There are 4 protein chains.
Amino acid sequence: MHAEIHLTMRSDARKEQQLKLSDMATTLSSGAQEPKRQRGHLRVAAIMEAGVAVFTEKGYDAATMTEIAARSNTAIGSLYRFFPSKESLADALLSRYVEDTTSSFTALADQASAMTPGQLADAFVDFMLSLQSQRSLAVALVDSRGGSDERRARFRETTRGSIATILRNAIPHLTKAQSETKAVVLLHVLKAVAGANDEKPAVRRRLLAEIRKLTRVYLEATQSDADDRLSAE
Amino acid sequence: MHAEIHLTMRSDARKEQQLKLSDMATTLSSGAQEPKRQRGHLRVAAIMEAGVAVFTEKGYDAATMTEIAARSNTAIGSLYRFFPSKESLADALLSRYVEDTTSSFTALADQASAMTPGQLADAFVDFMLSLQSQRSLAVALVDSRGGSDERRARFRETTRGSIATILRNAIPHLTKAQSETKAVVLLHVLKAVAGANDEKPAVRRRLLAEIRKLTRVYLEATQSDADDRLSAE
Amino acid sequence: MHAEIHLTMRSDARKEQQLKLSDMATTLSSGAQEPKRQRGHLRVAAIMEAGVAVFTEKGYDAATMTEIAARSNTAIGSLYRFFPSKESLADALLSRYVEDTTSSFTALADQASAMTPGQLADAFVDFMLSLQSQRSLAVALVDSRGGSDERRARFRETTRGSIATILRNAIPHLTKAQSETKAVVLLHVLKAVAGANDEKPAVRRRLLAEIRKLTRVYLEATQSDADDRLSAE
Amino acid sequence: MHAEIHLTMRSDARKEQQLKLSDMATTLSSGAQEPKRQRGHLRVAAIMEAGVAVFTEKGYDAATMTEIAARSNTAIGSLYRFFPSKESLADALLSRYVEDTTSSFTALADQASAMTPGQLADAFVDFMLSLQSQRSLAVALVDSRGGSDERRARFRETTRGSIATILRNAIPHLTKAQSETKAVVLLHVLKAVAGANDEKPAVRRRLLAEIRKLTRVYLEATQSDADDRLSAE
DNA sequence: TATGAATGAGTCTTCATTCAT
DNA sequence: AATGAATGAAGACTCATTCAT
């Protein structure tokens with residue numbers, strides 16, 4: 001009963017603001033309240049950083065809103081002003097990550113058509129390395145049970161789609177279905193980059209080299225496959 | 001802050017029992033069984049099965065001891081008699097999984113020396129498929145935060161070691177360091193098999209075929225590498 | 001226990017402002033209006049209307065100051081400028097209702113002396129019907145725990161007094177005590193009019209007719225009683 | 001998510017017990033856990049009494065589970081073991097009241113056919129007086145927003161139905177519709193008995209006498225109406 | 001003066017764990 | 001030894017109220 005009341009109220013209270021804020025709403029799209037003053041933006045940023053830290057360290061379930069509030073020097077009430085639920089915070093974080101990632105992917109896609117599979121493989125690994133820090137958040141939020149299922153699914157779809165597109169740019173003759181299957185597998189392989197992070201530096205270096213090799217081998221094999229199929233026709 | 005205090009306290013309170021438990025867990029999960037107190041063994045088995053089910057379904061955090069007790073028709077007090085903490089149950093489950101897996105790996109290792117890399121690749125994928133059901137438990141317990149960090153780490157080490165051994169059996173000339181690096185990567189790749197489970201049947205089939213191909217390609221490349229290096233000497 | 005401490009504290013903190021408020025509330029709810037600061041009056045009016053709406057819809061407890069502020073397009077800070085507490089707003093609303101009602105009662109009282117009990121009964125029911133919309137506010141605020149106990153008690157007294165007066169006007173020979181007792185009972189009966197509102201139209205119609213009949217019968221019986229007692233002397 | 005888990009678990013855990021307890025389940029029908037040991041029954045009783053007290057004093061919203069737990073010398077967790085939500089406690093209390101009331105009504109119904117309207121009126125008022133203490137709880141729970149709407153509605157229906165039946169027993173010739181309309185009105189009138197409780201003793205006495213008179217007059221008038229209608233045919 | 005961000009006590013509820021019977 | 005009642009710390013979230021800008 002309370003919940004309904006609350007939601008109703010909020011909708012009422014937010015209607016008009018929703019409009020003028022819709023442009024900035026991208027980051028906080030998940031039901032989060034947009035700050036209207038300078039101070040608020042700083043606060044939101046602080047909360048998000050704390051959120052990243054805590055979710056990454058403990059995982060979605062074990063992370064507590066109280067700790068996130070404390071780490072960002074925010075009263076719990078203020079945290080909830082901007083992010084009306086734990087899930088909404090996780091969603092916002094994920095969204096931001098998706099956006100960052102997506103735009104990076106777009107850049108990669110542009111260059112992909114001019115790359116050999118080997119080059120592309122390196123580009124992919126480098127790309128994952130550049131995401132590094134954020135990546136572990138995504139793992140904590142997506143691979144665990146964090147946030148809404150729906151958004152997590154959408155996130156996965158988006159990422160897979162981006163990779164599939166890049167693959168088709170770089171390796172013509174791939175059917176859509178093929179590129180999508182390969183995207184899933186490739187994405188999985190690339191996730192190993194994030195995993196490497198937890199190892200000791202020496203091991204990490206070797207691991208990264210190996211992942212690089214694997215990726216290259218995979219993409220080259222994919223290329224030859226496509227060529228074979230083509231010449232067979 | 002509170003949370004930490006709490007956890008600390010708990011750990012303290014449990015230390016001594018942990019010992020009793022680990023004996024028992026080992027005893028139970030290894031084949032050896034004490035004939036006396038048959039009832040107790042049945043009970044423990046029931047609890048463990050319920051634990052597997054619940055942890056798999058809900059993940060470590062969301063699983064409750066009460067539900068595990070209920071599903072195994074055990075009074076909560078009895079459950080705690082055998083497994084003095086949630087963590088200890090997760091650990092026991094993981095241990096059993098490790099042992100099962102390890103012995104399977106051993107069998108695989110015996111045959112590995114007679115296999116070509118391509119055959120080995122298929123064997124690995126088939127192997128993962130055969131673990132399927134149990135595998136999702138490991139995911140729930142290892143990739144999330146279930147069980148003690150320490151044991152999870154040990155679990156990973158064991159698995160990696162098994163794979164490394166197999167690799168060296170099948171592909172001579174690999175140094176220990178190489179085989180270990182490759183084992184990490186290969187294990188990661190093979191985890192995709194478990195992930196494929198969540199996809200629709202049609203996708204799943206394509207995915208598995210692709211993973212198979214990737215694994216084969218990877219192992220074959222590994223072989224040629226080793227050969228090259230050898231002939232270069 | 002905590003709750004009590006909290007409430008106490010709040011009351012303490014507000015005492016002095018209560019005075020300022022009650023002046024204002026009285027001023028506002030009586031006809032007199034200060035020409036200066038027109039804006040403020042509009043704002044107060046808007047707040048009060050929103051307050052009526054929200055309290056009526058949700059009841060005192062579930063109503064939130066934030067929603068009342070939003071519905072009246074008022075910043076929460078401004079709302080608190082005029083009504084320093086939720087209770088003070090409820091009180092102001094109740095006061096206004098009492099005043100409205102009282103003046104209406106006064107009009108009724110003027111005509112009452114010329115009415116037969118039967119006519120008076122109808123007049124009462126019609127009167128309650130005319131209050132309808134406001135009545136539900138009173139229910140939300142008086143029958144629940146809205147506003148201060150003290151003011152609610154005063155409100156009840158006033159209303160009962162008005163009715164008692166009317167009764168004595170219409171039915172001479174009633175002692176003061178009698179009229180007061182009857183006022184309490186009559187008021188209770190008339191509240192059924194408000195309750196009828198929640199029923200389906202068909203039922204509502206029948207209900208109102210029945211209440212009308214009951215009221216008539218009651219007042220007529222009261223009359224005969226008085227007559228009897230008189231002639232018995 | 002948690003909620004679902006919880007519910008699921010409970011259902012599982014309770015299945016078998018539900019059976020052997022179904023006979024006693026009447027009182028705690030609203031999802032409450034039945035105690036299985038002596039101690040538990042005492043506890044449940046204590047909780048319910050505390051619940052009655054607190055709900056009556058503060059109303060549903062303002063009552064806190066913490067206070068109810070404290071007043072019944074129960075740990076909050078124990079309270080929730082028996083009554084898994086605030087609403088379920090309110091429901092259980094209401095149910096018990098309904099049952100008490102209903103059986104009393106049944107007894108009244110048996111005698112009603114032999115009563116004159118005047119006697120019936122007195123019987124009704126006496127009846128309400130006998131419910132006294134419990135009545136104010138019903139007011140707190142039914143007339144406010146306490147508990148689930150559905151159950152409150154059902155409660156009202158049941159009570160009205162009982163009264164309607166009694167009326168038809170005592171005053172033949174009433175149509176079903178008539179008796180139902182009159183039941184609603186009569187019930188409302190009788191509620192004044194509970195209200196009288198809050199007055200000073202002297203006032204209370206006079207009030208009760210007046211309510212008695214009103215009820216008598218109403219029922220007698222109802223009788224004559226019915227007679228008139230009959231002879232007019 | 002108006003605004004809305006900040007505050008934090010308090011609410012309901014959950015669940016691992018202990019302990020009396 | 002088995003049972004399940006008891007415990008209470010902790011978590012997510014709300015909202016009346018204050019105060020800096």
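Quick caveat: nothing in here was measured; it's all calculated off a predicted structure. In the text below, chain A, chain B and the rest are named by the order of the sequence lines, each starting its count at 1.
Rounded to whole Å, atom P of F:dA16 lies 19 Å from atom CZ of C:F82. Here the P atom of nucleotide F:dA12 and the NZ atom of A:K58 are 11 Å apart, to the nearest Å. Computed from coordinates, the C:F83 CZ to F:dC15 P distance equals 21 Å when rounded to whole Å. Straight-line distance from the CG atom of C:D61 to the P atom of E:dC12: 11 Å, rounded to whole Å. Rounded to whole Å, atom P of E:dC12 lies 11 Å from atom CG of D:L89. Rounded to whole Å, the distance from CD on B:E67 to P on E:dT17 is 16 Å. Distance C:L42 CG to E:dA2 C1': 16 Å, rounded to the nearest Å. One atom, CG of D:N73, and another, C1' of F:dG8, lie 15 Å apart when rounded to the nearest Å.
Seen from the ring of D:Y80, D:K86 does not count as a face-on cation partner, given the 6.0 Å and 45° thresholds.
You'll find that the side chain of B:I76 is closest to E:dT18, out of E:dT13, E:dA9, E:dT18. Nearest to the side chain of A:A75, among E:dG8, E:dT3, F:dA5, sits E:dG8. The nucleotide whose nearest atom lies closest to any side-chain atom of B:S85 is, among E:dT17, F:dT17, E:dC12, E:dT17.
For the OP1/OP2 pair of F:dA1 and a distance below 4.0 Å, the side-chain nitrogens and oxygens of B:R81 include at least one atom meeting the criterion. OP1 or OP2 of F:dT17 has at least one side-chain nitrogen or oxygen of C:Y80 nearer than 4.0 Å. The shortest distance between the side-chain N/O atoms of B:R43 and the OP1/OP2 oxygens of F:dT3 is below 4.0 Å.
Each of D:S78 and A:S78 was matched to the nucleotide of DNA chain E holding its nearest heavy atom; the match closer to the 5' end belongs to A:S78. Toward the 5′ end of DNA chain E lies the nearest nucleotide of A:G77, the other residue of the pair D:K86 and A:G77 mapping further downstream.
Contact annotation for C:T74: no contact, since no heavy-atom pair falls under 4.0 Å across all strands. Contact annotation for D:A63: backbone-only contact, meaning every heavy-atom pair under 4.0 Å involves sugar-phosphate atoms and none involves a base.
With axes fitted over five pairs at each extremity, the angle between the ends of the helix from E:dA2-F:dT21 to E:dT21-F:dA2 is 10° (10° resolution).
Between atom CZ of residue C:R151 and atom CG of residue C:L94 there is a gap of 7.5 Å, rounded to the nearest 0.5 Å.
Just one residue in the list C:L141, C:I68, C:L93 forms a side-chain contact (heavy atoms from CB on, under 4.5 Å) with C:V52, and that residue is C:L93.
Annotation: side chain of C:L89 is not in contact with side chain of C:F82 (no heavy-atom distance under 4.5 Å). Within the 4.5 Å cutoff, the side chain of A:D91 has no heavy atoms near those of the A:F83 side chain. By the 4.5 Å heavy-atom criterion applied to side chains, B:R71 and B:E49 are not counted as neighbours.
A salt bridge links A:K58 with A:E67; the closest basic N to acidic carboxylate O contact falls under 4.0 Å.
For the side-chain contact (heavy atoms from CB on, under 4.5 Å) test, residues two or more places apart in sequence or in another chain that qualify with D:S72 are D:A46, D:I47, D:A50, D:T74.
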